[in-house]
Protein chains: 2
Amino acid sequence: MTEARMPGFSRCNNATLRRAARSLGRFYDDAVAPSGLKGTQFGLLFQIHVSSEPAMGTIAEALIMDLSALGHTLKPLIRDGYIETFADKEDRRVKRVRLTPQGEVKLDEAIKLWSVAQQQFEDKVGAEQAAKLRAALDAVADLNLEMPTAAPSN
Amino acid sequence: MTEARMPGFSRCNNATLRRAARSLGRFYDDAVAPSGLKGTQFGLLFQIHVSSEPAMGTIAEALIMDLSALGHTLKPLIRDGYIETFADKEDRRVKRVRLTPQGEVKLDEAIKLWSVAQQQFEDKVGAEQAAKLRAALDAVADLNLEMPTAAPSN
DNA sequence: CGGCAAAAGTGGCATATGCCACTAATTGAA
DNA sequence: TTCAATTAGTGGCATATGCCACTTTTGCCG
């Protein structure tokens, strides 16, 4: 039946990673859905929450995401009143982000939901294994891979 | 520096997975870019290539992706003439997919580019480690996690 | 055979992400 | 001080993904 997924295929690290991301993403999405948030939005709110009024660029860097992509993703959250932005006093080019009171409330609500999914996941794969997997994923994410195209400047 | 990424944050398996996916995704995207394909499109063409004129549902299941999402993703590839669809003789509800001759050519071209990225990745993390990571990811993807929300029908 | 439930896709709508071109604010010289 | 180069975001465009509602086929049952 699942022969369609030839063993030779899953050799692509990227495809395998995306496949797992889709799968796990749906699980966490379902979990936090009652809050009205998506898994990604929850993660974003959390990231902002644990940072100190981070600049957009700082968030983008931490999450390894394109700055403009972050901007787009932030819009629905601003629209819904969960976060707000304000210019940095020192450098007016910099836009900082923070949760609104409603955002804090919503985050607390979502954390409870998230915990259930997180716990269930850890129960299934084991906290130890989960930690190892996260470590491996962080290592991959921080590899800083680059195609030779852009030859090193020096 | 990267203090913005509090250790407490990466505890979310989903967020960690997505972050890694964004990172690796860009790497592979850059690699196959010269072919005009995205990493996901390459993966899709490959999946179709190694299958036998698979039905859309079959592909979606193998890749653990929403059927409608697959349909949307397929459009650009059909528009560009890399794949074509046709109704199944037995069951007219089923729509099968196959590569066009141009699609085969494009895939061959992309495979060469992909190989470079794949090789570079394996060189960095080690073929052994990469294989283990993929296995772990496949295991996670196939966990079949589900939020209790949908209480068993019986 | 008629009709209803299940299966397979489609289309619409919304978020997630990226890249590129462009604007505003800074910084670093000359 | 003035202007070119750099930095931080924005807006537009395109793909990636999901969910939901709806249509077409099937399959099955009385």
Side-chain angles (χ1 to χ4, degrees), chain A residues 14-15 17-30 32-33 36-45 54-61 63-80 82 85-97 150, chain B residues 14-15 17-30 32-33 36-45 54-61 63-80 82 85-97 149-150 153:
Chain A
N14 185 43
L17 189 50
R18 295 189 75 89
R19 178 164 174 274
R22 281 191 296 268
S23 180
L24 199 60
R26 273 210 260 189
F27 177 58
Y28 278 83
D29 268 359
D30 286 349
V32 300
L37 295 174
K38 299 301 196 66
T40 19
Q41 303 184 312
F42 165 71
L44 210 38
L45 288 188
M56 286 187 56
T58 305
I59 301 174
E61 204 186 327
L63 301 185
I64 309 186
M65 63 185 301
D66 184 87
L67 177 58
S68 74
L70 172 63
H72 299 150
T73 305
L74 246 34
K75 275 177 192 166
L77 296 171
I78 294 175
R79 179 200 58 199
D80 296 339
Y82 298 141
T85 60
F86 58 101
D88 181 286
K89 311 298 190 201
E90 322 283 299
D91 190 335
R92 265 175 302 174
R93 284 173 305 180
V94 176
K95 187 194 275 190
R96 291 180 175 286
V97 189
Chain B
N14 185 44
L17 189 51
R18 294 189 76 87
R19 179 166 173 273
R22 280 191 296 269
S23 181
L24 199 61
R26 272 210 257 192
F27 176 58
Y28 277 83
D29 268 357
D30 287 349
V32 300
L37 295 175
K38 299 299 197 65
T40 20
Q41 302 183 313
F42 164 70
L44 210 37
L45 287 189
M56 288 187 56
T58 304
I59 302 174
E61 202 186 329
L63 301 184
I64 309 186
M65 65 185 299
D66 185 87
L67 177 58
S68 75
L70 172 63
H72 299 149
T73 305
L74 246 34
K75 274 178 194 167
L77 295 172
I78 294 175
R79 178 200 60 198
D80 297 339
Y82 299 142
T85 60
F86 57 102
D88 182 287
K89 311 300 192 199
E90 320 285 298
D91 190 334
R92 263 175 304 174
R93 286 173 304 179
V94 176
K95 187 194 275 189
R96 291 180 175 286
V97 189
T149 316
S153 48

Mind listing the side-chain donor-acceptor pairs of residues 72-80 of chain B below 3.5 Å, one per line with the distance, residues two or more places apart or on another chain?
unit_1, atom_1, unit_2, atom_2, d
B:H72, ND1, B:S68, O, 3.3
B:T73, OG1, B:A69, O, 2.9

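Rounded to an integer number of Å, the gap from B:I64 CD1 to D:dC19 P is 13 Å. Atom pair B:L74:CG and D:dT15:C1' shows a separation of 13 Å (rounding to whole Å applied). One atom, CG of A:L17, and another, P of D:dT17, lie 11 Å apart when rounded to the nearest Å. As a whole-Å value, the separation of A:L37 CG from C:dA16 P is 10 Å. Regarding A:D66, its CG atom lies at a distance of 15 Å from the C1' atom of D:dA16, rounded to whole Å. Nucleotide D:dT17 holds its C1' atom 14 Å from the CD atom of A:Q41, rounded to whole Å. Atom CG of A:L44 and atom P of C:dT15 are 13 Å apart (whole Å). Residue B:M65 contributes atom CE, which lies 8 Å from atom P of D:dA16 at whole-angstrom precision.
If A:A69 and A:R92 are placed on DNA chain C by their nearest nucleotide, the residue sitting closer to the 5' end is A:A69. Position along DNA chain D of the nearest nucleotide to A:K75 versus A:R18 favours A:K75 as the more 5'-ward residue. In terms of position along DNA chain D, the nucleotide closest to A:R96 lies nearer the 5' end than the nucleotide closest to the other residue of the pair A:R96 and A:K38. Taking the nucleotide of DNA chain C with the nearest heavy atom to each of B:R26 and A:G39, the more 5' of the two is matched to A:G39.
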Let me see the working for A:T40 and A:L44 under side chain to side chain contact (heavy atoms under 4.5 Å, CB included), right down to the final yes or no. CA-CA 6 Å; A:T40 19; A:L44 210 38; over 6 Å; no
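The main-chain N or O of B:M56 is never found under 3.5 Å from a side-chain atom of B:R96 such that the two would form a donor-acceptor pair.
Residue B:D30 places its side chain closer to C:dC19 than to any other of C:dC19, C:dT17, D:dG18. Side-chain proximity of A:R79 to the nucleotides C:dT15, D:dA16, D:dC19 is greatest for C:dT15. Of the listed nucleotides (C:dA16, C:dG18, D:dT17), C:dG18 has the atom at the smallest distance from the side chain of A:S68.
Of all heavy-atom pairs between B:L70 and B:A60, the closest is CD2-N, 3.7 Å. Nearest heavy-atom pair, A:F42 versus A:L37, reported as atom, atom and distance to 0.1 Å: CA-CD1, 4.5 Å.
For B:R26, the side chain to side chain contact (heavy atoms under 4.5 Å, CB included) partners at least two apart in sequence or on another chain are A:D66.
Within the 4.5 Å cutoff, no side-chain heavy atoms of B:Q41 are placed close to those of B:V32.
In this model, the phosphate group of D:dA16 is not approached by any side-chain N or O of A:R22 to a distance below 4.0 Å at OP1 or OP2.
With respect to the salt-bridge test (charged N to carboxylate O, under 4.0 angstrom), the residues B:D29 and B:K38 do not qualify.
Interface remark: the A:H72 side chain does form a donor-acceptor pair with the D:dG12 base, using a distance-only criterion of under 3.5 Å.
Across all strands, B:T40 comes closer than 4.0 Å only to sugar-phosphate atoms, never to a base (heavy-atom distances).
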Expected string for nucleotides 1-8 of chain C under the B/S/- scheme (protein heavy atoms, under 4.0 Å, primed atoms plus P, OP1, OP2 as sugar-phosphate) is -----BBS
